[in-house]
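Computed from a predicted structure; not experimentally measured.
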Amino acid sequence: RVAYLVDEAIPPARILLVSFTRTAVAELRDRIVSYAVAGTAARSVRISTIDSHAWSLRAGFDDEPLPRSLGDGSYDLGIERTVELFQKQNPDLIDFMGRLEHLIIDEAQDIMGLRADLVLQMLKSLSPTCGVTILADPAQAIYGFTTDGSDDKEHERSLLERLPAECPRPFLQRT
């Protein structure tokens, strides 16, 4: 999908792909460049894990200082703070997200809790013309145990379970 978008002249820097694991991110980087006619230009596609992307957004758009060390729970706290930035409509963050031309969410079957909250906030912040591709295979869901321990039952539902009701744009599911 990413290689096709690059080959169709969408600027690689305006494509964002987030995935659940570092392994998937590394594999995707290599595969995209090998598939794209645009070749090395495809290396400019923004590809990161959800946690890394949340950290980058927070570092770029939050006035609160980042923690000095990555202790237990710091990723969840960073994601929570990034969700707050979206909810408060941080103008620079919304402008940044509004410039994207395509967002791809990979391994969506494994996105739960705060990470699902973050993805939903990202979807809400996109321009109406931004394309969205959500890739998931519910039969391969292996990270259902990654809930954040919240008492809020909404946080125990996966992104896939929440999308039909909470996606800010028409939701078309293909099998």
Let me see the working for His102 and Val2 under side-chain contact (heavy atoms from CB on, under 4.5 Å), right down to the final yes or no. CA-CA 9 Å; His102 206 93; Val2 174; over 6 Å; no
Please determine whether side-chain contact (heavy atoms from CB on, under 4.5 Å) holds for the pair Glu101 and Cys130, giving the CA-CA distance in whole Å, both sets of side-chain angles, and the decisive distance to 0.1 Å. CA-CA 5 Å; Glu101 292 189 34; Cys130 183; 5.6 Å; no
Kindly indicate, with the supporting measurements, whether the criterion side-chain contact (heavy atoms from CB on, under 4.5 Å) is fulfilled by Leu5 and Ile104. CA-CA 11 Å; Leu5 294 169; Ile104 299 171; 4.1 Å; yes
Would you please test Leu163 and Leu160 for side-chain contact (heavy atoms from CB on, under 4.5 Å) and show each step? CA-CA 5 Å; Leu163 273 175; Leu160 293 183; 4.3 Å; yes
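The shortest non-hydrogen separation linking Phe20 to Ile111 is CD1-CG1, 4.2 Å. Of all non-hydrogen atoms in Gln109 and Ala136, the two that sit nearest each other are OE1-CA, 3.3 Å. Of all heavy-atom pairs spanning Thr133 and Arg1, the tightest one is OG1-NE, 3.2 Å. Taking each heavy atom of Met97 and Ser125 in turn, the nearest pair found is CB-OG, 3.3 Å. The nearest pair of heavy atoms linking Ala116 to Arg162 is CB-NH1, 3.6 Å.
A distance of 12.0 Å separates CG of Leu57 from CD of Gln121, quoted to the nearest 0.5 Å. Distance check, rounded to the nearest 0.5 Å: CD1 of Ile50 to CD1 of Ile79 gives 7.5 Å. Atoms CG and CG, on Asp92 and Asp63 in that order, are 9.0 Å from each other to the nearest 0.5 Å. Between the CD1 atom of Ile105 and the CG atom of Leu123 there is a distance of 6.0 Å, given to the nearest 0.5 Å. Annotation: the span from Glu166 atom CD to Glu161 atom CD amounts to 11.0 Å, rounded to 0.5 Å. Once rounded to the nearest 0.5 Å, the distance linking CG of Leu28 with CD1 of Ile47 reads 6.0 Å.
Using a 4.5 Å heavy-atom cutoff, the side chains of Trp55 and Thr82 are not in contact.
Annotation: salt bridge (Lys or Arg N to Asp or Glu O under 4.0 Å) contacts of Asp95 (sequence neighbours excluded): Arg99. Legend: residues meeting salt bridge (Lys or Arg N to Asp or Glu O under 4.0 Å) with Asp62, ordered by chain and number and at least two apart, are Arg58, Arg81. For Leu16, the side-chain contact (heavy atoms from CB on, under 4.5 Å) test picks out Val18, Arg46, His53, Leu100, Leu103, Met122, with sequence neighbours left out.
The residue from Asp76, Asp110, Val83 that alone fulfils the side-chain contact (heavy atoms from CB on, under 4.5 Å) condition with Arg115 is Asp76.
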